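Lettering of chains follows the sequences in order, A, B, ..., and the numbering in each one begins at 1. Remember, it's a predicted structure, so these values are computed and weren't measured experimentally.
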There are 2 protein chains.
Amino acid sequence: MKKRGEIMQAEVLAILRRRGTPMSAYEVLGQLRDSHPQLAPPTIYRALAALTERGGVHRLESLNAFIACKSDSHKDASILSICDDCGEVEEFVSPDLLKALSSIAGQSGFAPTRHVIEVHGQCASCGSAQDQA
Amino acid sequence: MKKRGEIMQAEVLAILRRRGTPMSAYEVLGQLRDSHPQLAPPTIYRALAALTERGGVHRLESLNAFIACKSDSHKDASILSICDDCGEVEEFVSPDLLKALSSIAGQSGFAPTRHVIEVHGQCASCGSAQDQA
DNA sequence: CACGGGCTTGATATAACATAACAAACACAC
DNA sequence: GTGTGTTTGTTATGTTATATCAAGCCCGTG
Ligand SMILES: [Zn+2]
Ligand SMILES: [Zn+2]
Ligand SMILES: [Zn+2]
Ligand SMILES: [Zn+2]
């Protein structure tokens with residue numbers, strides 16, 4: 001088979017890209033039910049897992065949510081800044097920081113395989129909006 | 001009032017410390033039901049929230065689990081390494097890395113308030129155990 | 001082409017994680 | 001001791017995620 005799954009992944013990715021900000025799996029599911037009323041959670045989770053593995057989508061561990069990659073397929077783990085006011089997410093890549101992090105964790109012989117780096121706070125536009133208030 | 005909540009927090013902390021590895025809120029609940037059979041989820045979540053805020057407990061965002069702080073109340077966010085084989089967690093503090101991270105995220109005016117840094121992989125002892133296999 | 005083994009996908013059900021909302025208990029001021 | 005605000009307990013429900021099995025497809029064999 002295989003075809004059906006790829007179509008689903010493409011649809012999920014399109015929805016996440018249209019949105020731009022984080023979506024829960026169930027929000028994606030809600031969107032897709034317009035066109036596929038029978039859709040069940042495992043289908044979405046499978047599509048998200050495949051996309052996440054491949055790098056087209058990132059999972060925000062601290063939000064239990066997903067977002068389309070903004071920089072179109074990088075190799076390294078990304079650094080995600082998350083505005084707690086408006087939900088905007090920015091993505092950064094820093095091999096240096098990743099190396100520093102691996103070396104800290106590696107002090108005691110730990111072998112890293114996956115890095116989760118998420119920074120919560122307030123984005124520039126929410127910050128300036130607040131200044132005016 | 002206030003008293004009962006503090007007792008609950010102390011019991012939760014004691015359970016987490018005894019275990020040493022990550023526990024879900026419901027695992028803690030299960031333990032506590034031995035002595036307090038009526039206990040409901042919100043009680044545990046309140047105790048965990050208070051402990052987390054105060055720094056005695058850290059939440060592992062990528063596991064939806066909690067662990068007692070190993071280094072007894074530091075101010076900065078910690079770096080947590082998580083062995084995906086045995087569940088062992090180590091905790092590191094690195095103001096330098098935090099500063100680097102804040103400066104990366106701050107490039108576009110973002111103001112960080114909370115850092116989530118979790119590294120998954122294999123700990124030293126699981127790594128050497130695998131070598132022998 | 002019919003069949004069967006091995007895989008991918010779909011559907012049902014349920015498990016795991018978390019919080020909203022309200023009721024009861026308590027503390028403290030008066 | 002009564003009123004008032006706060007903390008805790010309880011019930012119910014909402015949200016996130018996965019186990020499990022059934023159905024469909026692919027493809028090689030005869
Ligand atoms: Zn990316
Ligand atoms: Zn914002
Ligand atoms: Zn700590
Ligand atoms: Zn290990």
Side-chain angles (χ1 to χ4, degrees), chain A residues 1-13 15-16 19 21-54 57-67 80 82 84 87 89 114 116 118 120, chain B residues 1-13 15-16 19 21-54 57-67 80 82 84 87 89 114 116 118 120:
Chain A
M1 230 182 188
K2 191 98 186 193
K3 224 36 187 297
R4 189 70 240 157
E6 285 168 10
I7 292 169
M8 186 58 57
Q9 289 171 36
E11 292 193 44
V12 168
L13 184 54
I15 287 171
L16 285 170
R19 177 71 65 95
T21 49
M23 294 179 81
S24 77
Y26 279 75
E27 283 181 284
V28 176
L29 179 58
Q31 297 275 314
L32 278 171
R33 286 234 238 242
D34 294 348
S35 43
H36 309 269
Q38 301 296 21
L39 228 49
T43 304
I44 304 298
Y45 278 98
R46 282 200 273 247
L48 287 169
L51 287 164
T52 300
E53 185 132 0
R54 185 173 105 201
V57 162
H58 302 303
R59 179 181 166 82
L60 296 155
E61 298 289 350
S62 57
L63 296 179
N64 294 332
F66 300 84
I67 193 164
L80 298 163
I82 301 161
D84 292 325
V89 172
R114 175 181 160 232
V116 175
E118 298 175 10
H120 285 256
Chain B
M1 225 179 180
K2 191 96 185 198
K3 224 33 189 300
R4 266 187 286 198
E6 284 167 12
I7 292 169
M8 186 57 58
Q9 289 170 36
E11 292 194 44
V12 168
L13 184 54
I15 287 172
L16 286 170
R19 176 71 65 95
T21 49
M23 295 179 82
S24 76
Y26 277 74
E27 282 180 285
V28 175
L29 179 57
Q31 297 275 313
L32 279 171
R33 286 233 238 241
D34 293 349
S35 42
H36 308 268
Q38 301 294 23
L39 229 51
T43 303
I44 305 299
Y45 279 98
R46 285 200 271 245
L48 287 168
L51 287 163
T52 300
E53 185 131 357
R54 184 174 106 203
V57 162
H58 302 304
R59 178 183 167 84
L60 296 154
E61 297 288 352
S62 57
L63 296 178
N64 293 335
F66 300 84
I67 193 163
L80 298 162
I82 302 161
D84 292 325
V89 172
R114 176 182 160 232
V116 175
E118 297 175 11
H120 286 256

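- Annotation for Val12(A) and Ala47(A): closest pair CG2-CB, 3.9 Å, computed over non-hydrogen atoms.
- Between Leu48(B) and Met23(B) there is no side-chain heavy-atom pair separated by less than 4.5 Å.
- Counting to the nearest Å, the C1' atom of dG9(D) and the CD atom of Gln9(B) are 15 Å from each other.
- Side-chain atoms of Glu11(B) and Leu39(B), non-hydrogen and from C-beta on, never get closer than 4.5 Å to each other.
- What separates CD1 of Ile44(A) from P of dT15(D) is a distance of 17 Å, to the nearest Å.
- We find that CG of Leu60(B) is positioned 11 Å from P of dA18(C), with the value rounded to whole Å.
- Side-chain atoms of Arg46(B) lie closest to dA21(C) of the nucleotides dT19(C), dA17(D), dA21(C).
- Taking atom CG on Leu32(B) and atom C1' on dT10(D), their separation rounds to 17 Å, with Å as the unit.
- Atom-to-atom, CZ of Arg33(A) to P of dA11(C) comes out at 11 Å; the value is rounded to the nearest Å.
- Going from atom CG of Leu29(B) over to atom C1' of dT19(C) covers 14 Å, rounded to whole Å.
- Taking atom CD of residue Gln38(A) and atom P of nucleotide dA23(D), one finds them 15 Å apart after rounding to whole Å.
- Nearer the 5' end of DNA chain D, as judged by each residue's closest nucleotide, is the contact made by Leu39(B), out of Leu39(B) and Pro41(A).
- A stacking contact links Tyr26(B) to dC17(C): the aromatic ring centre lies within less than 5.5 Å of the base's six-membered ring centre, and the planes differ by less than 30°.
- Using a 4.0 Å heavy-atom cutoff across all strands shown, Thr43(A) reaches sugar-phosphate atoms only and no base atom.
- An OP1 or OP2 oxygen of dA18(C) is reached within less than 4.0 angstrom by a side-chain nitrogen or oxygen of Asn64(B).
- Put simply, the residue from Glu118(A), Arg59(A), Glu61(A) that forms a side chain to side chain contact (heavy atoms under 4.5 Å, CB included) with Ser62(B) is Glu61(A).
- Nearest to the side chain of Pro42(B), among dG10(C), dT19(C), dA17(D), sits dT19(C).
- Taking the nucleotide of DNA chain D with the nearest heavy atom to each of Met8(B) and Ala65(A), the more 5' of the two is matched to Met8(B).
- Heavy atoms only, all atoms of each residue included: Ile15(A) and Val28(A) are closest at CD1-O, 4.3 Å.
- Note: CD (Glu6(B)) to C1' (dG9(D)) measures 17 Å, nearest angstrom.
- If you check dA17(D), dC17(C), dT10(D) against the side chain of Tyr45(B), the one that comes closest is dC17(C).
- Nearest nucleotide to the side chain of Ser24(B), out of dT19(C), dC17(C), dT18(D): dC17(C).
- The shortest distance between the side-chain N/O atoms of Arg59(B) and the OP1/OP2 oxygens of dA18(C) is below 4.0 Å.
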